[in-house]
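Both counts, for ligands and for their atoms, begin at 1 and track the order of listing.
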Amino acid sequence: MNRKFLARASAATLVLAVTAACSSGTPTSSTGAAASPGSSGGGKGYKLAFVQGVTGDAFYITMQCGVQAEAKAEGATVTTQGPQKFDPTLQTPILQSVVASKPDAILIAPTDVSSMQQPIAEAKAQGIKVVLVDTTVKDPSVAASSISSDNVGGGKAAFDAIKKLSPKGGKVLVIGNQPGISTTDARDKGFADAAKADSAFSYLGVQYAQNDPAKAASIVSAALQKNPDIVGIFASNLFSAEGTATGVRQAGKQDKVKIIGFDAGPDQVKALEEGTVQALIAQQPAKIGTDGVQQAIKAIKGEPTTASIKTGFTMITKDSLSGAGQSAVYKAGC
Ligand code: T6T
């Protein structure tokens with residue numbers, strides 16, 4: 001199988017720490033140590049808070065590592081917390097308690113484009129600077145800056161990868177997360193638009209796994225029973241990709257169905273090594289976190305910020321894992 005075409009260079013640094021995850025439902029804090037030599041230390045003493053989309057997710061753990069490292073370099077302090085599920089009803093009270101602790105700025109990955117708009121507006125109304133990391137809301141002008149991957153482009157890249165692996169075309173399916181999440185909605189759309197525009201492919205639509213690998217696996221099993229000739233599946237986030245690999249493996253179809261997964265958590269990398277998954281689209285969560293802290297500190301100081309920052313991604317294959325791709329793999333702990 002020609003996997004080399006998929007490989008791309010990556011610039012991130014890998015520290016695959018298999019220590020305890022540094023993310024939890026309760027606040028964790030990084031001490032506001034003195035700014036490291038060479039850094040500006042311009043954020044010294046500032047109080048930052050990071051609200052993840054969900055805890056225990058290697059994507060947000062890696063982002064937390066970037067947030068903490070940059071805050072430390074700037075001499076700022078940061079607390080991190082997030083909901084147990086990607087759910088605005090769980091994230092809202094967490095945000096409200098963070099607001100009550102009066103940080104100078106909040107970095108947040110909103111779990112829903114609509115429901116999180118008002119709670120975020122309320123944080124801003126308290127004079128707290130807001131930076132959106134990863135996901136966004138319907139009106140991102142509430143934030144000083146929004147930082148995310150090119151998610152539509154990532155979805156299209158996933159389709160292009162499936163097309164290279166299955167040039168004759170055929171049926172393709174998307175295993176999504178849940179509607180209302182800006183990132184995964186954009187990835188699903190990027191893939192769907194590209195698939196629909198190619199007459200060799202038949203787009204079967206998107207089914208939602210609600211961040212549950214077991215649900216993704218059962219959706220895939222049922223889909224493969226109904227359409228045994230599916231040639232490719234795009235799994236648009238970490239949990240969907242984990243479950244999709246399980247579903248295809250359980251159906252014994254790993255030689256027939258090409259899987260492209262978004263994200264690069266440890267279980268996803270295992271599936272790539274085993275050959276169940278053909279490529280992973282790794283985001284740059286640590287960079288999103290680093291940029292987020294920099295923008296937050298600028299906002300606190302009243303300096304100009306960048307309204308929208310797009311970060312890149314790396315297509316990792318089994319071949320590139322032993323080289324450049326390895327540095328794009330997410331961390332299990334800082
Ligand atoms: O794919 C990431 C993130 O970008 C997305 O917004 C939600 O799912 C992940 O956290 C992976 O689980």
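Each of Leu48, Val98, Leu132 was scored for a side-chain contact (heavy atoms from CB on, under 4.5 Å) with Ile106, with one residue passing: Val98. Considering Thr62, Thr311, Asp263 in turn, Asp263 is the only one that fulfils the side-chain hydrogen bond (donor to acceptor under 3.5 Å, both in side chains) rule with Gln283.
Annotation: ring pair (Phe, Tyr, Trp, His ring centres under 6.0 Å) contacts of Phe201 (sequence neighbours excluded): Phe159. With sequence neighbours excluded, the residues forming a side-chain contact (heavy atoms from CB on, under 4.5 Å) with Lys138 are Val113, Ser114, Gln117, listed by chain and number. Among residues two or more places apart in sequence or in another chain, the side-chain contact (heavy atoms from CB on, under 4.5 Å) test is passed with Lys171 by Ser202, Leu204, Asn227, Asp229, Ile230.
Contacts of ligand 1 (protein heavy-atom distance under 4.0 Å) are Asp57, Phe59, Tyr60, Phe86, Asp134, Thr135, Thr183, Arg187, Asn237, Leu238, Phe239, Asp263, Gln283.
Note: Ile297 CD1 to Glu74 CD = 4.5 Å, rounded to the nearest 0.5 Å.
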